[in-house]
Amino acid sequence: MNCPYCGGSVKLIDSQIIYGKSYGLAWVCENYPKCDAYVGCHPGTDKPLGRLADKELRAWKGAAHAAFDPMWKSRKMKRWQAYKWLSERLNIPVEETHIGMLM
């Protein structure tokens with residue numbers, strides 16, 4: 001896998017390198033921190049939470065979550081129902097509907 005921003009190789013690291021505290025594993029561009037592209041992993045795995053993102057894309061993802069998450073966090077619908085609703089509006093399969101992968 002190569003970085004979509006600079007073309008560098010992507011490597012698996014402990015997230016402590018990024019955050020100063022370990023939250024598990026993360027995928028990071030080999031040119032980090034010059035190339036600020038990374039993505040964390042699902043807890044206890046090396047499976048990425050989404051696609052590699054630079055600072056701007058991480059900000060857009062955060063804004064998307066801020067707008068979307070209240071739909072299911074309010075408990076008016078379950079999380080899977082909110083993603084099903086979103087997948088129908090975006091006309092993409094629900095399996096591909098995840099904010100971490102959309103941008």
Side-chain angles (χ1 to χ4, degrees):
M1 175 171 31
N2 288 339
C3 175
Y5 300 99
C6 74
S9 295
V10 178
K11 61 183 181 177
L12 193 60
I13 61 162
D14 187 299
S15 63
Q16 180 176 5
I17 294 170
I18 299 166
Y19 304 114
K21 178 181 176 184
S22 182
Y23 295 97
L25 297 174
W27 290 98
V28 65
C29 176
E30 69 179 343
N31 297 314
Y32 180 85
K34 183 178 178 184
C35 177
D36 189 33
Y38 60 85
V39 62
C41 293
H42 288 274
T45 75
D46 63 358
K47 181 181 176 190
L49 288 164
R51 57 162 285 191
L52 218 60
D54 65 1
K55 184 176 182 176
E56 180 181 7
L57 182 53
R58 289 190 302 273
W60 283 111
K61 286 182 184 184
H65 273 293
F68 176 75
D69 290 357
M71 290 178 65
W72 61 270
K73 287 186 175 181
S74 69
R75 299 188 189 264
K76 291 182 181 175
M77 66 175 63
K78 295 185 185 312
R79 188 172 184 232
W80 71 267
Q81 292 170 316
Y83 273 102
K84 184 175 185 299
W85 174 88
L86 183 60
S87 77
E88 291 167 356
R89 267 112 197 116
L90 296 175
N91 197 30
I92 60 175
V94 71
E95 303 82 30
E96 297 174 19
T97 308
H98 189 282
I99 290 171
M101 297 303 293
L102 292 176
M103 310 291 183

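FYI, side chains are in, hydrogens and waters are out, and symmetry mates aren't considered; it's all heavy atoms of this structure. In this chain, numbering begins with 1 at the start of the sequence shown.
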Output a table of donor-acceptor pairs, distance under 3.5 Å, between side-chain atoms of residues 16-30 and any protein atom two or more places apart or on a different chain; print 'none' if there are none.
unit_1, atom_1, unit_2, atom_2, d
S22, OG, D14, OD1, 2.9
S22, OG, D14, OD2, 3.2
S22, OG, G24, N, 3.4
W27, NE1, D46, O, 2.8
E30, OE2, S9, N, 3.0

Only pairs under 3.5 Å count here: list side-chain donor-acceptor contacts from residues 34-43, not counting sequence neighbours, and write none if there are none.
unit_1, atom_1, unit_2, atom_2, d
D36, OD1, R58, NH2, 3.4
D36, OD2, R58, NH2, 2.5
Y38, OH, R58, NE, 3.3

Name every donor-acceptor pair, under 3.5 Å, that has one atom in a side chain of residues 63-72 and the other anywhere in the protein, sequence neighbours excluded.
unit_1, atom_1, unit_2, atom_2, d
H65, ND1, D69, OD1, 3.1
H65, ND1, D69, OD2, 3.2
D69, OD1, W72, NE1, 3.3

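Taken to the nearest 0.5 Å, the CG atom of L57 stands 9.5 Å off from the CG atom of L52. Rounding to the nearest 0.5 angstrom, the gap separating the OH atom in Y5 from the CD atom in E56 is 8.0 Å.
The heavy-atom pair separating V10 from N2 by the smallest distance is CG2-C, 3.7 Å. Closest heavy-atom contact between R79 and H98: NH2-NE2, 4.3 Å.
Using a 4.5 Å heavy-atom cutoff, the side chains of Y83 and I99 are in contact.
Under a hydrophobic clustering in which Ile, Leu, Val, Met, Phe, Trp and Tyr are joined whenever their side-chain heavy atoms come within less than 4.5 Å, directly or via other members, I13 and M1 fall into different clusters. Under the 4.5 Å side-chain heavy-atom criterion for ILVMFWY residues, a single connected hydrophobic cluster contains both L49 and L12.
Annotation: side-chain hydrogen bond (donor to acceptor under 3.5 Å, both in side chains) contacts involving residues 86-96, sequence neighbours excluded, comprise K84-E88.
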